[in-house]
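Structure, as structure tokens:
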Amino acid sequence: MRDLLTVPLHSERLDLVPLRIDHAAEMAAVLADPALYAFTGGAPATVDELRARYARMLAGAPDPGVDWCNWVLRLRADGTLAGTVQATLAPAGEAAPPTGREHTIPPGSPTPRPASHDSPAPGTAPSGPARAAGRIAEIAWVVGTERQGRGLASEAARALVAWLGTQDVSTVVAHVHPDHHASAAVAAAAGLSPTAGRQDGEVRWELDLPRA
């Protein structure tokens, strides 16, 4: 399995910049509102904690068949950071290994999860030969409280999904808390639809991408 290069992406108002350790200081302030953790638990991280977490994330997944891709969202108008998006890519037909909180930057948003008994694993392709060849991407996002309400998360998620469509991805997945209506709206804006699947009490959303 090749290593996936996380490249800069762009949308109407945002530059999606590949994550670096030196983003930790500004991101600690962006993610400092405890309300962001209402649906995921936890608490805001310190700058040092984020630096250590980002270093682990940038070291890559222990499974050579899995790619961790992370971006910060930079507002082009003023150059400030507004949030993050991420994707965990795994081979179709194989269960993606648990990512844990070390990879999961976005609090208060859908997060990659290990497999559970009541929902297909993030690395398990939908049935049918047309879906078997591509990879599975589980995505997540967060925008800081002060930047919410402007459609930035939806804009970033759409840009991420569009890029995934160029990366041999067959299915995009997100897990959203049933009461997290804002994240459900982002998932829908990115083209995902809710399924009957549940994992850790969250609704599994999916999008099948066209295959060449």
Report summary line: With sequence neighbours left out, the residues meeting side-chain contact (heavy atoms from CB on, under 4.5 Å) with Pro194 are Val203, Trp205
Query raised in the report: Can you name the side-chain contact (heavy atoms from CB on, under 4.5 Å) partners of Pro34, sequence neighbours left out?
Result: Pro44
Query raised in the report: Does the Asp200 side chain pair with the main chain of Glu202, one donor and one acceptor, at a distance under 3.5 Å?
Result: no
Query - salt bridge (charged side-chain N to carboxylate O under 4.0 Å, His left out) partners of residues 35-50, not counting sequence neighbours, each pair once - result: Asp48-Arg51
Query raised in the report: Arg76 side chain to Glu12 main-chain N or O, any donor-acceptor pair under 3.5 Å?
Result: yes
Report task. Mark yes or no for whether Thr195, through its side chain, and Arg204, through its backbone, hold a donor-acceptor pair below 3.5 Å. Result -> yes
Requested in this report: Enumerate the residue pairs fulfilling salt bridge (charged side-chain N to carboxylate O under 4.0 Å, His left out) with a member in residues 157-167, sequence neighbours excluded, ordered by first and then second residue.
Outcome: none
Report task. Would you please classify the geometry between the His180 ring and the Phe39 ring as parallel, tilted or perpendicular, with 30° and 60° separating the classes? Result -> parallel
Query raised in the report: Tell me, which pairs form a salt bridge (charged side-chain N to carboxylate O under 4.0 Å, His left out) where one or both residues lie in residues 139-157, sequence neighbours left out?
Result: Arg13-Glu155, Asp78-Arg147
Query raised in the report: Okay, side chain of Glu138, backbone of Val172: is any donor-acceptor separation there less than 3.5 Å?
Result: no
Report summary line: Residue pairs passing the salt bridge (charged side-chain N to carboxylate O under 4.0 Å, His left out) test with at least one member in residues 21-32, sequence neighbours excluded, are Arg20-Asp22
**Report entry** Arg74: partners by side-chain contact (heavy atoms from CB on, under 4.5 Å), with sequence neighbours left out
**Finding:** Asp15, Val17, Leu81
Query - Heavy-atom donor-acceptor pair, Ser154 side chain to Gly151 backbone, under 3.5 Å - result: no
